[in-house]
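Proteins get letters first, then strands, A, B, ... in listed order; numbering begins at 1 in each.
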Amino acid sequence: MNESRRDPEARHGFAGARPSGGGLGAISGPPARTIAPLLDIVDVARHFPVRSAFGRKIGAVRAVDGISLAVWPGETVGLVGESGCGKSTLGKTIIGIHAPTAGEIRFLGREIGHLPPRERRKVARDLQYVYQDPGASLDPRWKVRRLLHEPLKIHTRLSRKQRDAAVQAILRAVGLPDAHLDLYPHELSGGQQRRVGLARILTLHPKLVILDEPTSGLDVSVQASVLKLFRAMRETFALTYLFISHDLAVVRTMCQRLAVMYLGRIVELGETAAVFADPRHPYTQSLLAAVPKIGAARVSRTFSLEGEPPNPRDVPTGCRFRTRCPLAQDVCAAEEPALREVGGQRVACHFA
Amino acid sequence: MSALWFVVSRLARDRAALVGLVLILGLVFSAVFAPLLATHPDDVYELHPAERLRAPSAEHWLGTDRMGSDMYSRLLFGARITILIGVIAVGASLVIGVPLGLVAGYYHNWVSDALMRVSDVFLAVPQVVLAIAIAQTLGPSLPNVILALSVTYWPWFARIVYAESRTLEKEVFIESTQALGASPWRLVVLHVLPNIASPIIVRASIGMGFTILTAAALGFLGLGPPPPTPEWGRTIAESREFLPNAWWYAAAPGLAIFLTVMGFNLLGDGLRDVLDPRLRRGRHRAA
């Protein structure tokens, strides 16, 4: 990779305020400046065409609209925002379900956004996606055994015996009994389906796993055990996670870094602790104000968010957040704020 | 095997479907054991002018035709032709229609549009008319009847497979399998096809009835296999000049066609209820 052309770290908000050794940096920052990012996406956009009844293109939903983000090996990066802000679309563009409309997706130093399909499928061995609903993401007509053999059949040339051994090993790793091999997905509990889904992916020993809303719809105790499982798997398989969620409390416990998305763009990016301690973007501030805190006043001093985000078909001029922002001025309509360094993080706001 | 047993035991609970199943099994049994069941097995190709147009009796259970052949024996051998036509025509329609539907369902571009427009063209022409045109052009023979029926019936399968795979592709497991790195081939053959098998099976059963009916119509019009083949439709056509006196002459093959077609339709409806969980739920709610 051409390091002199562009330095990914400089774009991702560590350079300035990060402690230069030990302490916070050791747990929250990227491992070292010299290591190349595992995933490095640059100005990625994904637009969905809107067509009239006669098939003519009459507009575009700008689900992801110019996002740059790097993920270093070993870290867990949170991607948060309201539903509909493009988090999942970004994740699915990274894994190749959607082709990027613009921009580069670099994975392991290689541009993967525009590979021919056959080459693109091979990348899946190292880059996997965990779907939100584990039950729905397993073929209802396949037994667990066959489901677990499938990734090995796709990506390896192992014999049946070797695959059996690998399946046994992964079952033990995710904590499922052998007896479950002969069951259909609908015969398993939600937690077990989650484990099967993870086993199916981890058996390939991927380098980066994208977790899409892995805790939504679960009650708190199940949530805790699922998060524990994700942490354990991270240690066992040396995984790097991109953690998509709208649950800030969960993101806080899981992620070293955090990117806040609004309407297809990143509005704030930085180390989780720093963002939680001192959110700079008004959108981040309002999101954090909505998180209940033990011991805090019931009604937060900071404002809360009102209304719905604008339609991504019809993005406001200038700053996307200005229609809901209490700080909005004329300049916000005129000029779109770029991500710039403010304190320890990077923020896209004229007034940060 | 257990899946088959499940289907059969469910079918057995639905009285109409059970009737259909029994009729079809009866037809298959008659066709397979025709030489043993027939009272005058040689009559298919032998003429006995002296015994022409005899009414049903102990000797000739369903009477005799204008050549003096035993109607009952001829019907049994006719069942073989009926099944042959139905199985090959529907089988060929499956072989043409299902892959085309899968291909059209997988792509989201001009390939899908082109394939579906072609099938629309076929569906827009009344099936019997098109089959008549083909059989007429190629000449009356058994292979041509089967060809005409296959050519006219495959679009139904292409349509169903296309529609079902478009619905299925919205399922998360299809996308998650793609994300896993599965090839289009693996995705379509191992994941899509098994999940849309039920409507295909139902359509095949109803298609058997329809195809057999159309084949009989072609036979009636003289476009079927030539005499002395004991084809049911042709037999009805022959009987017309001897009506109403030789009523058994038309009634016997007519009843055979009626029961066969009804059998496949009842079976198809029953299979739909058993195999399609969405409809099953709907029925229970309505009940």
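- Of all heavy-atom pairs spanning Ser137(A) and Phe173(B), the tightest one is C-CB, 3.5 Å.
- Remark: Arg117(B) CZ is packed, more than 12 non-hydrogen atoms of other residues, nucleotides or ligands lying under 6.0 Å away.
- Heavy-atom minimum distance, Gly181(B) versus Arg121(A): O-CD, 3.5 Å.
- Arg200(A) touches chain B through backbone and side chain together, each having a heavy atom under 4.5 Å away.
- Here the closest non-hydrogen pair linking Ala179(B) and Tyr131(A) is CB-OH, 3.8 Å.
- Considering every non-hydrogen atom in both Pro140(A) and Asn195(B), the closest pair reads CG-OD1, 3.8 Å.
- The structure places CG of Leu138(A) at 6.5 Å from OG of Ser176(B), a figure rounded to the nearest 0.5 Å.
- Closest of all the heavy-atom pairs between Ala124(A) and Leu180(B) is CB-O, 3.6 Å.
- Contacts between residues 144-156 of chain A and chain B, counted as heavy-atom pairs separated by less than 4.5 Å, involve Arg146(A), Glu150(A), Pro151(A), Lys153(A), Ile154(A), His155(A).
- For the residue pair Trp142(A) and Leu190(B), the shortest heavy atom distance occurs at NE1-O, 3.2 Å.
- At a 4.5 Å heavy-atom cutoff, Glu171(B) makes no contact with chain A through either its backbone or its side chain.
- Contacts of Lys122(A) with chain B are absent, with no heavy-atom separation under 4.5 Å from either backbone or side chain.
- Residues of residues 206-216 of chain A lying under 4.5 angstrom from chain B, judged on non-hydrogen atoms, do not exist.
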